[in-house]
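Keep in mind that this is a model prediction, so the values were computed, not measured. Heavy-atom basis, side chains included; hydrogens, waters and symmetry copies ignored. By convention in this document, chain letters (A, B, ...) are assigned in the order of the sequence lines, proteins followed by strands, and residues within each chain are numbered from 1.
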Amino acid sequence: MEFDMNSAILFVIVGIIIAVITAQAVFFLVRSYRRGVKIGMDKRVLNKTIARSAVFTIAPAVSILVGIVALSQKLGLPLPWLRLSVIGSLSYEIVAAGVVEVVENASQYVSVALVMTAGMLVSMFLPLILGKKIHRGMVKINQKDKVWGGHFMTALFMGMISAFLGYVFGGVGSGSAGWIPVLVFFVSAIVMALCGLLLKKTGWKWINDYALPICIVIGMASAIPFNMWLG
Amino acid sequence: MKRQAKMRSFDDRTHLYGRIWGLVAAALILSYPFLSMAIFGASIDWKIVGTGLGIMAMYWVVGAVETFTYTPMLGSGGTYLGFVTGNLSNLKVPCALNCMEQAGVKSGTEEAEVISTMSIAVSSIVTMLVLVLGVIFISFLTPVLENETLAPAFDNVLPALFGGMAVVYISKNWKIAVMPCVLMLLVFIISSYITGGSDLASTLIGVMVPVGVLFTIGSARVMYKKGWLGERGDLPNAETAPEGKAENGDAPQGENGENKGE
């Protein structure tokens, strides 16, 4: 078959893979929902979780779509669509796709696809091998000392958040444009604090549900004027 | 006792199903380059693969680090699903943490496992839908998505996401947060001024997440042993609820009020 990065058969293959992985997500969603009901969780909490997750996801998902569009000029649509829908991360895929400057033939295409896929081998298999052991370890920590178990989980979250807080400041040495992410970060943080205050003053509980998506959208939008000013 | 046995068997089944689905997904994902080879009758250019070996090796390390860092946060079902669907740090982990926070469930409990798995599943489904629609309507959307004016907005998802999250978590856990935040700020700011750019930050983040996690666990352990985080649970007559919950700032509250967060 003649080489075409946007061949219909590639779309079909990617469509099948994504359909199977979506089925996995539906399987775990239904299973965990039923489990929640069975252990006595309020259905309203479960339903709200579904709504919150959906709303939360839209803005970051659109930014992933931007990555697909960017990569599609070099690799066609099916491969970036696959790589950014499953396991992949935009930062890795862009670097991995850079192993060749221009994809001109099928041999280059399959080689780039192999590099992009093989980079995720550890992420694919290690959780399958170690997931159970790590979870059992967490249960042991909790059983041994429940109070420390709570602090341990908080420390895990805070460790990750602190690293990304630092990351936001990681471009300040490059000049004024490097401060744009910092300003976006603070806009988002201020919006969150305002949501908290508004919730306290008014008691509007819906604010609680959508505070973080609101922060994300306002924060992202603020990057546009900041870029005009500092970019 | 019977209920405990049932819970264990549910957990065991989660691991079993997670592994089966994970293996099926891995086989399908890995098949793409080889199916492309068969369709186009092409062979692998080992020179290109060799060039990519360094990049692959770096991401194998990142993959290992992410496994140890994110697995305890996501619960069993969330882990298996999250690692298959990807985009962990920029979407799935913050989404799961936000939903657990909002639902007021305590990490490590079965309720948290349910909420985490559900949020990652919904997030995965919505992401797939957005991407499918995006691919279908790509010719209409490309001018918008590639618009130069809008580009800074799409480039700043992470700062916008973590700005809001930082307020919630730092205001509630400021004692645990102070030291790692100061350390990470110093590392990234100094490295940026030394290199005069932001390229190093993108490489550093993969390493600094586990460093930040280990440092935070270490410093929290020291504070806990010294009694700075409230009453200790390993001493006789100790309370079982973590003290950090009393530190609420102005961040929005969870559905279970005082039982949110940690």
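- The two atoms that bring B/Ala160 and A/Ile216 nearest to each other are CB-O, 3.5 Å, heavy atoms only.
- Taking the six-membered ring where the residue is Trp, the centroids of A/Phe169 and B/Phe188 are separated by 6.0 Å or more.
- Both the backbone and the side chain of A/Leu65 come within less than 4.5 Å of a heavy atom in chain B.
- Looking at every heavy atom in both residues, B/Ser43 comes nearest to A/Val110 through O-CG2, 3.8 Å.
- Aromatic ring pairs are classed by plane angle as parallel below 30°, tilted from 30° to 60° and perpendicular above 60°; the pair B/Phe162 and A/Phe164 is parallel.
- For the set B/Ile205, B/Val126, B/Val130, the entry with the most heavy-atom pairs within less than 4.5 Å of chain A is B/Ile205.
- Rounded to the nearest 0.5 angstrom, A/Phe152 CZ and B/Ile217 CD1 are separated by 4.0 Å.
- Residues A/Ala193 and B/Val167 share a closest heavy-atom pair of N-CG1, 4.3 Å.
- With respect to chain A, the highest number of heavy-atom pairs below 4.5 Å among B/Leu145, B/Val84, B/Ile125, B/Val187 belongs to B/Val84.
- Proximity to chain B (any heavy atom under 4.5 Å) is restricted, for A/Met138, to the side chain, taken from C-beta onward.
- Contacts of A/Phe28 with chain B are made by both backbone and side-chain atoms, with heavy-atom separations under 4.5 Å.
- Proximity to chain B is limited to the side chain of A/Phe27, based on heavy atoms less than 4.5 angstrom apart.
- Only the side chain of A/Leu130 comes within less than 4.5 Å of a heavy atom in chain B; its backbone stays farther off.
- Taking the six-membered ring where the residue is Trp, B/His15 and A/His135 present tilted rings, their angle falling between 30° and 60°.
- Heavy-atom distances place the side chain of A/Ile68, and not its backbone, under 4.5 Å from chain B.
- Interface remark: A/Pro78 contributes backbone and side-chain atoms alike to the contact with chain B (heavy atom separation under 4.5 Å).
- Per-residue counts of heavy-atom pairs under 4.5 Å with chain A were compared for B/Pro180, B/Ser123, B/Ser119, B/Ser192; the largest is that of B/Ser192.
- The minimum heavy-atom distance linking B/Ala26 with A/Phe125 is given by the pair CB-CZ, 3.7 Å.
- With a threshold of 4.5 angstrom between heavy atoms, A/Val191 does not approach chain B through any atom at all.
- Scanning both residues, B/Thr216 and A/Met158, for their nearest heavy atoms gives CG2-CB, 4.0 Å.
- If you measure heavy-atom distances from A/Ile50 to chain B, the contacts under 4.5 Å come from both the backbone and the side chain.
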- Task: Show the numbers, then the answer: is there a side-chain hydrogen bond (donor to acceptor under 3.5 Å, both in side chains) between B/Tyr224 and A/Asp145?
- Result: CA-CA 12 Å; B/Tyr224 178 66; A/Asp145 180 353; 2.6 Å; yes
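- The greatest number of non-hydrogen atom pairs below 4.5 Å with chain A, out of B/Tyr70, B/Phe34, B/Trp46, is found for B/Tyr70.
- Chain A forms the most heavy-atom pairs under 4.5 Å with one residue out of B/Thr149, B/Asn90, B/Thr79, B/Leu30, and that residue is B/Leu30.
- In terms of heavy-atom proximity, A/Ser123 sits nearest to B/Gly63 at OG-CA, 3.4 Å.
- Here the straight-line distance linking atom OH of B/Tyr80 with atom CD of A/Gln24 works out to 11.0 Å at 0.5 Å rounding.
- By the 6.0 Å and 45° rule, A/Arg35 stacks over the aromatic ring of B/Phe10.
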